[in-house]
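Only this structure's heavy atoms are used, side chains among them; waters, hydrogens and symmetry mates stay out.
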Amino acid sequence: ILALVAITFAVAPQVLKAADKDALCPRGNETVRGPHLTQGTGYIVGVGPVTLIGLMTYDGKGGGVLVLTLSVNGSISKGNLTATYTVNPDCTMTQTLSNGNNSDGVVAPDGSTGYWMETDPGTVISGTLVGLRH
């Protein structure tokens with residue numbers, strides 16, 4: 001058993017290096033560094049239609065700030081939200097805003113574009129990201 005454990009630990013770094021080499025988004029969170037235009041549309045169950053536009057600025061380290069205008073069933077609001085995010089090696093992305101909204105998405109390997117959808121119960125909202133520095 002000890003020999004099997006030793007072999008496993010000896011081989012694991014090489015397998016991880018191979019996986020990193022084949023990653024679509026090897027830069028991780030740095031993939032979406034900088035300002036990105038975002039927009040989304042959809043519906044909140046029991047409330048009504050939702051539309052948002054904004055500027056999401058990612059820090060490349062897992063944090064960001066969203067400046068947005070939001071329409072929820074015709075009621076307009078504006079504001080700023082902070083965000084935490086993770087870009088995975090396969091270019092999938094998760095994000096949580098300071099208001100508690102969560103989303104899953106995908107981004108292009110160069111960070112130039114992306115698509116997202118909110119994953120909270122009772123919401124059907126999706127949108128796009130377009131990088132301004134690419």
Side-chain angles (χ1 to χ4, degrees):
I1 292 175
L2 290 176
L4 181 58
V5 170
I7 291 170
T8 301
F9 281 112
V11 174
Q14 293 154 350
V15 171
L16 291 175
K17 284 181 187 175
D20 289 346
K21 183 183 77 160
D22 296 335
L24 294 172
C25 287
R27 296 183 305 149
N29 292 344
E30 288 186 24
T31 304
V32 291
R33 182 179 176 93
H36 286 68
L37 302 174
T38 189
Q39 68 78 36
T41 58
Y43 193 82
I44 299 175
V45 176
V47 176
V50 176
T51 300
L52 68 93
I53 56 169
L55 179 66
M56 182 70 206
T57 303
Y58 294 104
D59 66 7
K61 299 175 185 176
V65 175
L66 173 62
V67 179
L68 77 153
T69 300
L70 175 69
S71 171
V72 178
N73 202 30
S75 178
I76 307 298
S77 60
K78 297 180 181 196
N80 298 344
L81 297 170
T82 58
T84 57
Y85 71 95
T86 302
V87 176
N88 300 303
D90 64 356
C91 294
T92 59
M93 181 176 176
T94 59
Q95 180 171 277
T96 299
L97 297 174
S98 57
N99 66 354
N101 290 8
N102 300 287
S103 62
D104 286 350
V106 294
V107 294
D110 66 358
S112 62
T113 57
Y115 302 94
W116 59 267
M117 64 175 272
E118 191 168 333
T119 57
D120 299 312
T123 61
V124 183
I125 304 170
S126 63
T128 58
L129 287 170
V130 178
L132 294 178
R133 294 190 177 166
H134 297 281

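Looking only at side-chain heavy atoms (C-beta outward), Thr94 and Asn102 stay at 4.5 Å or farther from each other. Side chains of Val130 and Ser112 form no contact here, defined as non-hydrogen atoms less than 4.5 Å apart. In this structure, Val107 and Trp116 have side chains that are not in contact, with every pair of non-hydrogen atoms separated by 4.5 Å or more. Side-chain atoms of Cys91 and Val106, non-hydrogen and from C-beta on, never get closer than 4.5 Å to each other. The closest side-chain heavy-atom distance from Thr128 to Thr113 is not below 4.5 Å. Leu132 places a side-chain heavy atom less than 4.5 Å from the side chain of Leu55.
For Tyr43, the OH atom sits in a packed shell: over 12 heavy atoms of surrounding residues, nucleotides or ligands are nearer than 6.0 Å.
Transitive grouping of hydrophobic side chains (ILVMFWY, heavy atoms separated by less than 4.5 Å) keeps Val50 and Met117 in distinct clusters. Under the 4.5 Å side-chain contact rule for hydrophobic residues, Ile125 and Ile53 do not share a cluster. Cluster membership for Leu52 and Val124, using ILVMFWY side-chain heavy atoms within less than 4.5 angstrom, is not shared.
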Could you check Thr96 against Asn101 for side-chain contact (heavy atoms from CB on, under 4.5 Å), going step by step and ending with a plain yes or no? CA-CA 6 Å; Thr96 299; Asn101 290 8; over 6 Å; no
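Evaluation of the ring-ring contact (aromatic ring centres under 6.0 Å, His included) test over residues 51-79, restricted to residues two or more places apart or in two chains, returns His36-Tyr58, Tyr58-Tyr85.
Annotation for Leu24 and Asp90: closest pair CD1-O, 4.0 Å, computed over non-hydrogen atoms. Heavy atoms only, all atoms of each residue included: Arg27 and Asp110 are closest at NH2-O, 3.9 Å. Here the closest heavy-atom approach between residue Cys25 and residue Pro109 is recorded as SG-CA, 3.7 Å. When all heavy atoms of Ser71 and Ile76 are compared, the pair lying nearest together is CB-CD1, 3.5 Å.
The distance from atom OG1 of Thr82 to atom CG of Leu97, rounded to the nearest 0.5 Å, is 8.0 Å. The structure places CG of Leu37 at 12.5 Å from CE of Met56, a figure rounded to the nearest 0.5 Å.
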Side chains of residues 59-70: which donor-acceptor pairs under 3.5 Å do they make with residues two or more places apart or in other chains?
unit_1, atom_1, unit_2, atom_2, d
Asp59, OD1, Lys61, N, 2.7
Asp59, OD1, Gly62, N, 3.1
Asp59, OD1, Gly63, N, 2.9

